[in-house]
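Notes to accompany the following structure.
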Amino acid sequence: MATGTLQHVDDAALLENLLGGDESAFGELVKRYHPTLLKVARYYVGSVASAEDVAQDTWIAVIKGIEKFEQRSSFKTWLLRICANRARTAGVKEHRSIPVDPNESGPSVSAHRFDQGGFWSDPPVPFTDAIDTRLDTAAILEAVRHAIDTLGEPQQAVVTLRDVEGLSTQEVATLLGLSEANVRVILHRGRARVREIVEETMKGTKI
Amino acid sequence: MKLLSSPLVCRDAVELVSDYLDGTLPRRQRRRLEKHLAGCDACTAYLDQMRATIAASGKVGPEDLPSDVLEGLVDLFRQYRDEN
């Protein structure tokens, strides 16, 4: 298979080709998931370099273990579990503790946008219509991607796994060693931050 | 329970939006929020923005990978395949 044609092939079909030794199927899976592996790893370890080592080790484990993968879970879940387990071990070796959201109990929308009674004094400007119709879709996606990249931990890992990768709250909790309630709180704050950054971007571009 | 049944102000309503969209808000809270949303255009706009943000997050796709990273990993795959 030529790499360019694989973008819309689903994981299960790629997996089948991978088992047949097809390197372009492997390459496509790497393109699809390596950035997320780096984010999961970065949640547990102390540096980008260390996260890159964990992500590479994860792929080596996939190469060596793919024939033993029993497909009881999706490939994505299996892959992310391998990565999380390795990253957790690496993090323990580095004596690194799991990141805690420093603003967890603060408001998710700046207090100055409300009046004393708690009602909006600086209300949000609707942008849904713009996204659906007028706005260049690539621009909004780029704004969202940028916003997610600027999130600190643990918000970045939680938002990436839940909203970008579409995992369930329970799966995210398992991968990151958090309670589901905690994932929901972190997710809420992460999403609010992404919305805020996108809103700022939209204002700046006067859409 | 008086607090739970009192009307929401916007500042508190926005804190419920994420759980509301995920369907994990307890029924009583959900009703309070819906009641507020029915009379508040600004919070409805906030909800729509949040919904659009989440939808866009699911569409951003993977970042471009530096070609040396990709090639390095595919090389590892090729090596292992050819040795086994």
Side-chain angles (χ1 to χ4, degrees), chain A residues 18 21 23-24 26-27 30-36 52 55-56 59-60 62-64 107-109 111 113-114 117-120 123-129 131-132 137 140-145 147-149 159-160 162-166 169 180 184 187-192 194-195 198-199, chain B residues 6-26 29 36-37 39-84:
Chain A
L18 172 60
E23 67 187 50
S24 65
F26 179 75
V30 169
K31 276 200 251 172
R32 212 168 271 190
Y33 293 120
H34 195 73
T36 298
E52 282 169 354
Q56 178 169 326
W59 289 113
I60 293 171
V62 167
I63 293 169
K64 292 184 175 170
S108 63
V109 177
R113 296 193 61 175
F114 300 102
F119 297 94
W120 290 99
V125 180
F127 59 54
T128 311
D129 292 348
I131 288 176
D132 288 346
T137 312
I140 180 76
L141 293 184
E142 204 40 54
V144 169
R145 187 206 297 279
I148 293 171
D149 280 348
V159 170
T160 299
R162 179 76 178 96
D163 288 343
V164 178
E165 293 295 348
T169 303
E180 286 184 51
R184 280 198 289 272
L187 181 66
H188 161 60
R189 306 194 54 77
R191 284 171 169 175
V194 173
R195 186 213 64 85
V198 173
E199 185 183 50
Chain B
S6 64
L8 276 176
V9 294
C10 306
R11 190 177 49 212
D12 299 330
V14 295
E15 302 295 340
L16 304 178
V17 162
S18 175
D19 281 346
Y20 177 70
L21 290 173
D22 276 355
T24 53
L25 206 58
Q29 293 278 66
H36 178 87
L37 289 169
C40 182
D41 289 346
C43 283
T44 301
Y46 183 88
L47 177 79
D48 289 343
Q49 284 187 345
M50 195 64 117
R51 194 181 272 132
T53 301
I54 295 167
S57 300
K59 290 182 194 144
V60 295
E63 287 157 44
D64 286 339
L65 209 55
S67 57
D68 58 327
V69 173
L70 178 62
E71 282 159 22
L73 288 166
V74 173
D75 273 349
L76 284 174
F77 175 79
R78 206 177 288 135
Q79 241 172 32
Y80 185 81
R81 183 192 60 193
D82 296 345
E83 283 168 10
N84 287 274

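Lettering follows sequence order; numbering is per chain, from 1. Everything numeric in this text was worked out from a predicted model, so none of it was measured.
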What residue, out of [options], has the most heavy-atom pairs lying under 4.5 Å from chain A?
{"options": "Val69(B), Leu76(B), Thr44(B), Val60(B)", "result": "Val60(B)"}
{"options": "Val14(B), Asp12(B), Thr24(B)", "result": "Val14(B)"}
{"options": "Ala13(B), Ala55(B), Cys40(B), Gly58(B)", "result": "Gly58(B)"}

Arg195(A) versus Thr53(B), side-chain donor and acceptor atoms under 3.5 Å: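 On atom types as modelled, these side chains do not qualify, holding no pair under 3.5 Å.
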Do the side chains of [Y] and [X] get nearer than 4.5 Å, heavy atoms only?
{"X": "Asp22(B)", "Y": "Arg162(A)", "value": "yes"}
{"X": "Trp120(A)", "Y": "Cys43(B)", "value": "yes"}
{"X": "Phe114(A)", "Y": "Cys10(B)", "value": "yes"}
{"X": "Pro107(A)", "Y": "Glu15(B)", "value": "yes"}

Please report the closest heavy-atom contact between [X] and [Y], naming both atoms and the distance.
{"X": "Arg191(A)", "Y": "Ser18(B)", "value": "NH1-OG, 2.9 Å"}
{"X": "Pro124(A)", "Y": "Ala42(B)", "value": "CG-O, 3.3 Å"}
{"X": "Ala56(B)", "Y": "Leu141(A)", "value": "O-CD2, 3.4 Å"}

Dump the intermediate steps for side-chain contact (heavy atoms from CB on, under 4.5 Å) on Leu73(B) and His34(A), then the final yes or no. CA-CA 10 Å; Leu73(B) 288 166; His34(A) 195 73; 3.8 Å; yes
Largest heavy-atom contact set with chain B, pairs under 4.5 Å, which of Val62(A), Thr36(A), Asp163(A), Val144(A):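 Option with the top pair count is Asp163(A).
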Proximal component of [X], with respect to chain B [non-hydrogen, under 4.5 Å]:
{"X": "Trp59(A)", "answer": "side chain"}
{"X": "Leu18(A)", "answer": "both"}
{"X": "Ala192(A)", "answer": "both"}

Looking at [atom1] of [X] and [atom2] of [Y], how far apart are the two atoms once the value is rounded to the nearest 0.5 Å?
{"X": "Ile54(B)", "Y": "Leu187(A)", "atom1": "CD1", "atom2": "CG", "result": "7.0 Å"}
{"X": "Glu199(A)", "Y": "Gln49(B)", "atom1": "CD", "atom2": "CD", "result": "4.5 Å"}
{"X": "Phe119(A)", "Y": "Leu8(B)", "atom1": "CZ", "atom2": "CG", "result": "9.5 Å"}
{"X": "Met50(B)", "Y": "Ser108(A)", "atom1": "CE", "atom2": "OG", "result": "6.5 Å"}
{"X": "Leu65(B)", "Y": "Arg32(A)", "atom1": "CG", "atom2": "CZ", "result": "13.5 Å"}

Hey, can you pull the donor-acceptor pairs under 3.5 Å for the side chains in residues 77-84 of chain B, sequence neighbours left out?
from     : atom 1 : to       : atom 2 : distance (Å)
Arg78(B) : NE     : Glu23(A) : OE1    : 2.8
Arg78(B) : NE     : Glu23(A) : OE2    : 3.2
Arg78(B) : NH1    : Asp75(B) : OD1    : 2.7
Arg78(B) : NH2    : Glu23(A) : OE2    : 2.8
Arg81(B) : NH1    : Gly21(A) : O      : 2.7
Arg81(B) : NH2    : Glu23(A) : OE1    : 3.3
Asn84(B) : ND2    : Tyr80(B) : O      : 2.8

Got a salt bridge between Lys31(A) and Asp64(B), using NZ or NE/NH1/NH2 to carboxylate O under 4.0 Å?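 The answer is no: the pair does not qualify as a salt bridge.
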